[in-house]
Each structure stands twice: as C-alpha cells, then as structure tokens.
Asker: 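Have a look at this one.
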There are 2 protein chains.
Amino acid sequence: MADREGKGDERFRRMLSRLKERRFRLTPQRLAVVEILARDRTHPSASEIYERVRQRFPTLSLATVYKTLFLLKELGEVLELGFPDGSNHYDGYHPRPHPHLICLRCRKIFDPELKRLDDLEKQVQRRTGFRVLSHRLDFFGLCPECAKEKKG
Amino acid sequence: MADREGKGDERFRRMLSRLKERRFRLTPQRLAVVEILARDRTHPSASEIYERVRQRFPTLSLATVYKTLFLLKELGEVLELGFPDGSNHYDGYHPRPHPHLICLRCRKIFDPELKRLDDLEKQVQRRTGFRVLSHRLDFFGLCPECAKEKKG
DNA sequence: CTTCATGCAAAACATTTGCAGCTGG
DNA sequence: CCAGCTGCAAATGTTTTGCATGAAG
C-alpha cells in the first residue's frame with residue numbers, strides 16, 4: 001500500500017528502534033516483515049505477510065512471521081485483529097485499539113473516521129471497577145460496493 | 001447458573017419454538033445443548049457445553065454441539081463471542097450484540113451495565129455508508145478480584 | 001564467539017466435514 | 001417410513017513448539 005503521508009516511514013523507524021533498544025536482532029527477514037506491518041494499511045493476515053515477504057526471501061517460513069508478530073504484539077507496536085473465523089489480521093500502522101468496519105462479503109477491513117472513543121475505556125473502568133487495559137470495537141456488514149452488488 | 005428471573009425459561013421456550021417452526025428435530029441431545037445455552041450466563045465455550053451435556057448423554061459428540069451452535073447462530077438465537085486466542089464462547093441468554101468485559105487473568109466474561117449502545121450501528125452506518133449488520137465491543141483487562149490479587 | 005534467529009517438521013487446538021447407521025415426527 | 005440427526009474419525013486451517021543449523025552483533 002502507498003504511504004503518501006510518510007507516516008509509514010515514521011512507524012517503520014519507531015518499530016526498528018524499539019526492537020533495537022530491547023536488543024532483538026535486526027535480521028533481513030525480520031526487517032521485511034516489520035516494513036510491511038509499518039506501511040501496509042490493508043490489515044494483512046499472517047499468511048498474506050508471509051506470501052509478500054517470500055517474494056524477496058523465498059526460504060522464509062511462516063514460523064518466522066509468527067515469531068516476529070509475537071514480538072511486536074508484546075511491544076505494543078502491532079494490533080491483532082481477531083476474525084470470527086478464528087484467523088487474525090494485523091495492523092502496525094495504527095497499533096492502538098480503534099474501531100474497524102469488516103465487510104462480510106469481500107472481507108476487506110476499513111478504518112472509519114469516527115468520533116473519539118478514547119474515554120470509553122476510562123468510562124467503563126469507572127463504572128464497573130474493572131481495570132481496563134484495551135478494547136476492541138468492530139462492525140460487521142457490507143461495504144458500500146458490496147451492498148450495491150448484492151442488489152444488482 | 002441460577003436463573004432467578006425466569007428469563008432463562010423464556011429463552012429456552014423461544015429457542016425451541018424457533019427450531020420447531022423451521023422443522024428441525026428436537027432430539028434429546030439438541031434439547032440439552034439448547035437448554036444450557038438458554039440458561040447459562042457464564043458464556044461457555046463449545047467444549048464446556050460438551051462436557052456438561054456429556055454428563056447426561058455420555059455418547060454425545062463435539063460435532064453435535066457445533067452443529068447445534070451453527071443452527072442457533074443462523075437463527076440469531078445465540079451470540080458467538082470470539083476470543084483473541086481463537087476460541088469462541090456462546091451466549092444464548094443475551095443473543096443480541098452487547099459489550100463484554102473479559103478478564104485476562106481468570107478469563108471470566110462479564111456483562112456490564114452500560115448506557116445503551118443501540119444507536120451505535122445506525123450512527124456508523126450513516127457516517128460511513130457501510131451497511132452495518134452487527135458489531136462487537138469487548139473490553140480486556142482485570143476484574144476487580146484479579147486486580148486485587150495481582151498486587152497482594 | 002556466543003547468543004539468538006531461522007526454517008523445517010511435527011504438534012497443538014478449535015472447528016468442519018463425510019459418512020454409515022439410527023430415530024424423531 | 002425416510003429426511004435429518006448422531007457420533008465417529010478424518011480433514012482443515014491457524015498458530016505454536018522443538019530442534020539443528022546459521023548468522024547478527
């Protein structure tokens with residue numbers, strides 16, 4: 001995915017420095033995975049990341065992708081988005097919790113512009129006594145394109 | 001789980017009549033699974049349901065549990081709650097989307113009393129052009145009990 | 001050099017599917 | 001009766017793990 005605003009660069013550099021400060025090794029495979037996570041805005045799955053990196057590193061294994069994802073999740077630099085079917089998709093461009101729109105037909109994932117929900121966690125914490133650490137808010141339905149085709 | 005208000009009964013009867021009207025057979029195994037879903041408020045997983053029903057029907061198979069869950073999901077009489085680890089939990093007592101509080105330590109699931117979020121889907125629909133059919137809103141953290149023990 | 005990472009294969013899970021035989025209505 | 005259900009076992013798909021080899025720092 002294109003990254004017109006250069007935020008992907010920023011994300012990439014940040015992720016690298018966080019790995020470095022924790023003394024994790026910057027191997028070529030790892031860098032390639034991190035770069036996709038930093039720049040890609042389509043919320044790829046592990047195997048989609050695998051296929052893309054494998055074009056450059058044909059010997060790459062899925063296990064390596066998962067191990068890198070695990071590291072970045074721990075560091076809070078990647079958001080894991082669980083699907084109803086049990087698979088996961090990843091977002092390293094916007095690593096903090098945010099709402100998603102998930103199309104049940106084409107399976108694309110969108111990041112809507114919605115009013116801030118930042119207070120949500122604090123509100124719930126206050127009201128329930130639960131110590132809230134993160135949340136997820138996902139909407140399932142049909143994107144405008146698929147809603148159209150459904151009728152036509 | 002106890003069901004002091006009799007809402008579980010109501011749910012049970014409703015689920016039965018919906019199955020009947022669609023001409024699905026009311027086998028003893030199926031009834032036992034439905035009854036747990038209607039009354040249980042702990043959000044059990046498929047295998048938890050399986051273990052409980054197996055006390056009465058030792059030959060029950062997990063496949064049968066899953067097939068019943070599939071039916072009830074289709075009918076909108078059971079809510080499937082996907083966990084980050086890929087497993088699912090089920091709620092036939094409150095089958096419409098509602099927020100959950102999920103404790104990362106004891107793994108219990110709570111139904112908080114929160115202000116209505118019913119308009120949420122409509123709001124998002126208006127703002128994004130997406131045809132919203134359902135949603136999920138989950139908070140992850142530590143329940144009051146586990147937050148206490150964490151310190152102690 | 002010495003850790004840590006890689007890549008392979010096997011294991012671990014949750015869930016689905018195929019099918020022979022059984023049974024609810 | 002007989003379409004639909006059950007239960008078993010095998011298949012599926014995703015993620016994790018164990019371990020020998022290899023490379024980053």
Side-chain angles (χ1 to χ4, degrees), chain A residues 15-37 43-75 78-90 107, chain B residues 15-37 43-75 78-90 107:
Chain A
M15 287 158 93
L16 290 191
S17 71
R18 300 236 30 220
L19 287 170
K20 230 187 264 180
E21 84 188 10
R22 297 289 199 92
R23 300 283 128 78
F24 293 118
R25 289 181 185 165
L26 305 182
T27 66
Q29 296 93 325
R30 192 168 275 175
L31 290 184
V33 171
V34 170
E35 184 158 12
I36 284 176
L37 286 166
H43 311 76
S45 66
S47 64
E48 282 162 358
I49 295 166
Y50 170 64
E51 290 303 339
R52 289 185 51 188
V53 177
R54 212 151 60 110
Q55 292 171 15
R56 281 209 272 153
F57 299 91
T59 66
L60 181 79
S61 73
L62 244 184
T64 296
V65 174
Y66 277 109
K67 282 163 186 166
T68 300
L69 287 171
F70 177 82
L71 283 184
L72 295 168
K73 275 189 284 174
E74 292 265 286
L75 295 174
V78 124
L79 184 70
E80 189 176 62
L81 173 56
F83 261 59
D85 72 356
S87 68
N88 290 307
H89 287 246
Y90 298 90
R107 311 211 68 205
Chain B
M15 286 159 94
L16 290 192
S17 68
R18 301 239 28 223
L19 287 170
K20 233 187 262 180
E21 83 190 8
R22 298 289 199 93
R23 302 280 128 79
F24 292 118
R25 289 186 184 161
L26 303 182
T27 66
Q29 295 93 328
R30 191 169 275 175
L31 289 184
V33 171
V34 170
E35 183 158 12
I36 283 176
L37 286 166
H43 310 78
S45 65
S47 65
E48 282 161 358
I49 296 166
Y50 170 64
E51 290 304 339
R52 288 186 50 189
V53 177
R54 211 150 62 109
Q55 292 170 15
R56 280 209 273 154
F57 298 91
T59 67
L60 181 78
S61 72
L62 245 184
T64 296
V65 175
Y66 278 110
K67 282 162 186 167
T68 301
L69 287 170
F70 177 81
L71 282 185
L72 294 168
K73 275 190 282 175
E74 293 264 286
L75 295 176
V78 123
L79 185 70
E80 187 177 63
L81 174 55
F83 261 60
D85 73 355
S87 68
N88 290 308
H89 288 245
Y90 298 89
R107 311 211 69 205

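Below, chains carry the letters A, B, ... as their sequence lines are ordered, and counting in each starts from 1. Owing to the predicted nature of the structure, the values given are computational and were not obtained by experimental measurement.
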Asker: Taking C-beta and beyond as the side chain, do A/L71 and A/R22 meet within less than 4.5 Å on heavy atoms?
Answerer: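 Contact flag for A/L71/A/R22 side chains = no.
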
Asker: Could you tell me which non-hydrogen atom of B/R56 sits nearest to which non-hydrogen atom of B/P58, and how far apart they are?
Answerer: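 Looking at all heavy atoms of both residues, the closest pair is O-CD, 3.5 Å.
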
Asker: Separation of B/F57 atom CZ from C/dC22 atom P, in whole Å?
Answerer: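 Atom-to-atom, B/F57 to C/dC22, this comes out as 19 Å.
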
Asker: Quick one: how far along DNA chain D does chain B reach, first to last nucleotide 5' to 3', anything under 4.0 Å to a heavy atom?
Answerer: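 Footprint of chain B along DNA chain D, 5' to 3': D/dA3 to D/dC8.
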
Asker: Across the strands shown, which category fits A/D85 at heavy-atom distances under 4.0 angstrom: base, sugar-phosphate, nothing?
Answerer: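 Nothing, no heavy atom under 4.0 Å.
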
Asker: Within the 4.5 Å heavy-atom criterion, are A/V78 and A/M15 side-chain neighbours or not?
Answerer: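 They are in side-chain contact.
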
Asker: What integer distance in Å separates B/K67:NZ from C/dT15:C1'?
Answerer: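 Answer to the nearest Å: 12 Å.
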
Asker: Whole-Å distance between C/dT15 P and A/F83 CZ?
Answerer: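 So the CZ-P distance, A/F83 to C/dT15, works out to 17 Å.
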
Asker: Round to a whole Å and report the spacing from CZ of B/R30 to C1' of C/dT23.
Answerer: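 In whole Å, C/dT23 C1' lies 12 Å from B/R30 CZ.
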
Asker: Both B/H89 and A/S61 contact DNA chain C. Which one's nearest nucleotide lies toward the 5' end?
Answerer: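 Its nearest nucleotide lies further toward 5', so the answer is A/S61.
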
Asker: Verify, without hydrogens or angle tests, whether A/H89 (side chain) and A/H43 (backbone) share a donor-acceptor contact under 3.5 angstrom.
Answerer: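 Yes, the answer is positive, given that a donor and an acceptor are paired below the 3.5 Å cut-off.
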
Asker: Any side-chain heavy atom of B/T64 within less than 4.5 Å of one from B/V33?
Answerer: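 The answer is no, as the side chains (C-beta and beyond) never meet within the 4.5 Å cut-off.
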
Asker: Return the value, rounded to whole Å, for the distance between atom OH of B/Y66 and atom C1' of C/dC13.
Answerer: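 Interatomic distance, OH of B/Y66 to C1' of C/dC13: 9 Å.
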
Asker: Between C/dA10 atom P and A/L62 atom CG, what is the distance in whole Å?
Answerer: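 Distance check: A/L62 CG to C/dA10 P gives 16 Å.
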
Asker: My understanding is that only residues two or more places apart in sequence, or in another chain, count here; which of them pass side-chain hydrogen bond (donor to acceptor under 3.5 Å, both in side chains) with A/T27?
Answerer: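 In terms of side-chain hydrogen bond (donor to acceptor under 3.5 Å, both in side chains), with neighbours along the sequence ignored, A/T27 is linked to no residue.
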
Asker: Over how many whole Å does the gap from B/Y50 atom OH to C/dC13 atom C1' extend?
Answerer: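 So the two atoms are 15 Å apart, to the nearest Å.
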
Asker: Which of residues 15-29 of chain A have a heavy atom under 4.0 Å from DNA chain D?
Answerer: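 Of all residues in residues 15-29 of chain A, the ones placing a heavy atom under 4.0 Å from DNA chain D are A/R25, A/L26.
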
